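Below is one structure, written out as structure tokens; the observations come after it.
The shown structure was predicted, so the numbers you read here are calculated from the model rather than taken from an experiment. To find a chain, count down the sequence lines: A is the first, B the second, and so on, and within it residues start at 1. FYI, side chains are in, hydrogens and waters are out, and symmetry mates aren't considered; it's all heavy atoms of this structure.
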Amino acid sequence: MTTSVNWELKREVEDFLYREAHILDEHRLEDWLDLFTEDAEYLVPLREYVQGDVAPAGHPVIKDDKQMLTVRVRKDATGYSHVETPVSMTCHLISNVVVDEGPEPDEVEVLSAFTVRQARKLRDEAWWAGRRRDRLRRVDGGWKIARREVHLDATVLPRGIAIFF
Amino acid sequence: MSTVEGTGTDTPDAGLPTATRWQDPGAQPAASGSAPPRPRAGTSARTVDALREIVDWEHGLVAPAIHFDEEVYRVEAERVFDRAWLVVGHEDMVRKPGDYITNYMGEVPVIVVRDAQGEIRVLVNKCSHRGNQVCLFDRGNVKGFTCSYHGWSFGLDGALTGAPMEQMLYRGELDKAAWGLEPVAQVVNFHGLLFATFDRSAPAFESWLDADARWWLENFVLSTPLGGLEMLPGWHRYRSPGNWKLVCENFIGDDYHVYSATHVSWLAMIQDFMEQGVRIPIITYPGTTDGPMYEGSAGGNGRGAPMGMGMVVADNDSLFKRDLAEAQELGPEAVDWVEYRREKLLELAQGRPVKPYSFMNGLVYPNMALMGFFSPMLGRHFQMFHPRGPVEHECWQWTMVERDAPQVVKDLAVQRVYQGQHGAGVIAPDDVENFERMVEAGKPARSWRRPFHYGLQLGHEDEGPKGLPGNLGPNPSEVNQRQFYRFWLEMMERS
């Protein structure tokens, strides 16, 4: 496997993803929404075993546009969202970042791996792990997320999904 | 049946007087109106010996001991899950010979498979030789099942077809006919929905689920007169705290929680976004309608397993008009479909004084929940709540849409239903959170005997329009929770 790496670009993209992780862990969800383009897609397929192979379990459990993503964020802001009352403590660890050219000149395809620990109340917790495939687009000198696929390594979700990856 | 009294020494509230009704079964019901019963002193006596006392469904009083006690859980496996007719899947999951899915009946792993003759079999997923699982995948197509331990092989019908070095090691003395996979005793295909029971002497399916329940199931769940349902591939599953009965009672009849507290964030958000003019599927979700809605009940009352339906829309055109308005945005095909299915539903109700259109949520006892049956613009979740110990369960769900609906309707229905009452939607996670809190608060045994209040609409169950199979009553109600626990108690008391 030989490939030439654009280290400058890789460092820039990594920095973007790390900053994004901190925004999520600080629960600045409106700021997080600003990181998405207006035409963004956010998908979370689940897995199942089909005759020995890991395959998508039908329709993704989440298949959002930016408006639907906004709905999820605003639901928590109503003050009545029990599943986020009190708010979850999360720690997003992002690694294994690989950056490739995207379909458009101002876009890149980014693979990364994540581990997310979600802690709630006194002792409730969930561990989430998987890989993300992002399409980032350069907008006004910065990066925005135009598409995110979150591939959770789970056939059975450890709890209902009420946090973001 | 022992009438259990506490020893008076083992709990902090030993000095308190016990509620009168525990000493006097003839006393007035406590659920409606009067002060709540005091915590029961003493939990040292076995819960399983006191079920009649603590599951007082007639008075709307059911004690949470049945959701926490490990012995209840063990006995329940034998008396409920080993005897009930349980849903194991849909025929669409196993269309061709060799197609299989794996699932659970209670905690027992099973394989649902179509054999070479086209017959659907349900087999215990456990090698007859040493008990190893013989099928590891969620679905697929195979010619048979081979155990990974010693290599015993089984056909699609479960028969033992071979053992490695059989002639040399067993010298022709292995009675293969006696050593197949355990078949689940009875299997029924009800308009595509597959039911099975371990119990050879279980009542016939038709008496387990009586004619009223089957009428609703056939027409309003499986939509047989409309052309039936189409399966979307894939299990969606999540773990949740809480005894399986807590979530089942939620689906069989708890519409009280929807508007009162649990889902108000969803409702508030819909309101906000509507006012801003946002019209995405979850915001225009048909979750309410003008005009009356009823609580539907079928079976139960000594007539087999109960089936409950929440938010039954009958003699009320507002939801149909709403569906029609939405169809007009989707195009003429969608309009035709919505009008056609309305006509079919009216035909179905011909000669009946009441015309039902749909219902929202429901449950067929013991653990098959239904969600999204309100409108053709909503996909339909079939959710099995599998027990996983006294205080945990797993939700296994699949989703269907009306087979003959135009693609635009299906697309909308699917997108919308996953955004709502689903493990990754904006509705179900709030339910899961409540169960988590109930488990945290309910684990200590000291309060297990203090009953919960199931008194909603007690004595008013029949105050709905007459003339349909089953019963319609006021909604929200806890009539179906009472029927659920009544039937559960009957099963638990049958030795």
Worksheet item: What part of B:Ile280 lies closer than 4.5 angstrom to a heavy atom of chain A: side chain, backbone, both or neither?
Response: side chain
Worksheet entry | Exam field: side chain A:His82 to backbone B:Ala261, donor-acceptor pair closer than 3.5 Å | yes
Worksheet item: Which members of residues 135-149 of chain B, sorted by number, sit under 4.5 angstrom from chain A on a heavy-atom basis?
Response: B:Phe137, B:Asp138, B:Arg139, B:Gly140, B:Asn141, B:Val142
Worksheet entry | Options A:Ala162, A:Gly52, A:Gly160, ranked by heavy-atom pairs under 4.5 Å with chain B, top entry | A:Gly52
Practice prompt. Check A:Lys75 against B:Val426 and note the closest heavy-atom contact, atom names and distance.
Written response: CE-O, 3.2 Å
Practice prompt. Step through the shown structure and confirm whether more than 12 heavy atoms of other residues, nucleotides or ligands are within 6.0 Å of CZ on B:Arg279.
Written response: no
Worksheet item: Could you walk me through whether A:Glu48 and B:Ile101 pass the side chain to side chain contact (heavy atoms under 4.5 Å, CB included) check?
Response: CA-CA 11 Å; A:Glu48 62 182 356; B:Ile101 55 143; over 6 Å; no
Worksheet entry | Close side-chain approach of A:Thr78 to B:Gln271, heavy-atom, < 4.5 Å | no
Practice prompt. Heavy atoms only, distances under 4.5 angstrom: which of A:Ile62, A:Val71, A:Asp76 has the most pairs with chain B? Name it, please.
Written response: A:Val71
Worksheet item: Measuring from A:Asp64:CG to B:Gln415:CD, what's the distance to the nearest 0.5 Å?
Response: 9.0 Å
Item to complete: Considering only heavy atoms, give the residues of residues 429-438 of chain B separated from chain A by less than 4.5 Å, sorted numerically, with 'none' for an empty result.
Response: B:Pro429, B:Asp430, B:Glu433, B:Glu436, B:Arg437
Discussion item. Which one wins on heavy-atom pair count under 4.5 Å against chain B: A:Ala55, A:Ala57, A:Gly58?
Written reply: A:Ala57
Worksheet entry | B:Arg403, CZ atom: more than 12 neighbouring heavy atoms under 6.0 Å | yes
Discussion item. I'd like to know which of B:Gly234, B:Ala268, B:Ser265 tops the heavy-atom pair count under 4.5 Å against chain A.
Written reply: B:Ser265
Discussion item. Can you tell me how far apart NE2 (A:His59) and NE2 (B:His422) are? Round to the nearest 0.5 Å.
Written reply: 9.0 Å
Fill in: chain A contact via B:Phe273 - which portion, at a heavy-atom distance below 4.5 Å
side chain
Discussion item. Check this for me: A:Tyr18, atom OH, are more than 12 non-hydrogen atoms of other residues, nucleotides or ligands nearer than 6.0 Å?
Written reply: yes
Worksheet item: Based on non-hydrogen pairs under 4.5 Å, which of A:Arg47, A:Gln51, A:Glu84 is most in contact with chain B?
Response: A:Gln51
Discussion item. Tell me whether A:Lys63 at atom NZ has more than 12 heavy atoms from other residues, nucleotides or ligands lying less than 6.0 Å away.
Written reply: no
Discussion item. Are more than 12 heavy atoms, taken from residues, nucleotides or ligands other than A:Glu101, located less than 6.0 Å from that residue's CD atom?
Written reply: no
Worksheet item: Should the heavy atoms of other residues, nucleotides or ligands under 6.0 Å from CD of A:Glu8 be counted, would the total exceed 12?
Response: no
Practice prompt. Let me know if B:Ile283 has heavy atoms under 4.5 Å from chain A in its side chain, its backbone, both or neither.
Written response: side chain
